[in-house]
Amino acid sequence: MVYTDYESQLAVLRSKGNYRSLSSRIPQGKYVIAEDRTLLNLSSNDYLGLASDPLLRQDFEAWVGKRSYPLSASSSRLLAGNYPVHRQVERQLATLFGREDALLFNSGYHANMGILPALANKRSLIVADRLVHASLIDGMRLANAPHIRFHHQDLDQLERILVKESPKYERIFIVTESLFSMDGDITDLTRLVALKRSYPRVLLYVDEAHAFGCRGSHGLGIAEEQGCIQDIDLLIGTFGKALASMGAFVVCSSLLREYLINTARPFIFSTALPPYQVAWTSFLLERLATWDDRRAHLATISHQLAQALCGEEKAMGATHILPWVLGDNATCLQVARELDEGDFYCLPIRTPTVPAGSARIRFSLSADMTEREIATLSSLIQHMHRL
Ligand code: PMP
């Protein structure tokens, strides 16, 4: 009786093509292993192909040597879970970004869910791109501050909002992603910086989850590429994607770091990342700048697949996240099945994860995929286009 409603809600999800279930397929390097088949995995965020590189793992074990890193922090960093390695990684990040400081979070979700509620109050306004990630939406919902969403990448609309609203608030948070997780497009951060200069009460909050590791001359992301790291008040990066680890960080001023340590609830009330995991992150950060060849190859195959999806002209500027927008959930599921039959594991991204009518296959590429593999996928896509 008490469960009846849940059962009927699940039935509704099934009927709308929105039902989610966990796959029994096992990820292995750039593949997933099904009972009788091996499929190329185009649904992973292992953009640099580091996650199961055996040599890297060996090097790490040698690097660890006799040092002992516990497998659990056993408490929040504010209790007894603050190990030197946590601070070491924050200092490493501050040096890499050339900024005052950084603060670790257990995941990007924790960071985004915790930072806005900590920093924004009734005298603040949050203005966010309509397509920002669920974790940022939850952060906005939890914050005790009004928020407005602007059309995706419509920075003219954003400016109109600033003109109208900024006199009413002490502080305005502009919240966006640098490389959008579902559309793969890049934000003009330099224009946001120009807006910040015109409206001095503005703070820029930029989530680089999908760009950190993959873009910029040292792999720091789009703010590095566009030369504006110094102007982003809160720059978020995650370790669970290109960096092949777990956790997240915000790069910011020492003052904001100190304030977040005192007010960001996911930081205060959750067990810190395991020191062993943080040591792996530190080891990877030391090598981040050296993976130019991986970044260059990722750009090459991204362009190659983009050509097949949208033609030469539109392929310019394509990133390693490539959406194939198909419309309704049912069509999207059907296309995913056909790609699967061709040994390509591409999960359909459906409404409500993306706006209604824009269900899509999201191809996410990894630097360990070959041009040949992408050519086979491209032929299959072109064949399906023709049907
Ligand atoms: N921000 C963005 C833009 C994301 O896409 C994601 C995860 N998909 C997150 C934050 C959350 O990061 P994490 O997986 O570390 O929780």
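Atoms within each ligand, like the ligands themselves, are counted from 1 in listed order. Since the model is a prediction, treat every value here as computed from it, not as a measurement. The first residue in the sequence is number 1, and the count goes up from there.
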Problem - Near ligand 1, at a heavy-atom separation below 4.0 Å: residues by chain and residue number - result: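 Residues Ser107, Gly108, Tyr109, Asn112, His133, Ser135, Glu177, Ser181, Asp207, Ala209, His210, Thr238, Lys241 each place a heavy atom under 4.0 Å from ligand 1, listed by chain and number.
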
Problem - Aromatic ring pairing Phe283/Trp280, orientation class (parallel under 30°, perpendicular over 60°, tilted between) - result: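 The arrangement is parallel - the two ring planes meet at less than 30°.
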
Exercise for the section: Would you please indicate if the ring centroids of Phe249 and Phe239 are separated by under 6.0 Å? Expected result: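 They qualify: ring centres under 6.0 Å apart.
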
Practice task
Compute the ring centroids of Tyr47 and Phe212, then answer whether they are less than 6.0 Å apart.
Solution key: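 Distance test on ring centres: not under 6.0 Å, no.
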
Scan side-chain atoms only and decide if [X] and [Y] contain a donor-acceptor pair under the 3.5 Å cut-off.
X	Y	answer
Thr187	Gln153	yes
Glu208	Ser178	yes
Gln28	Ser52	no

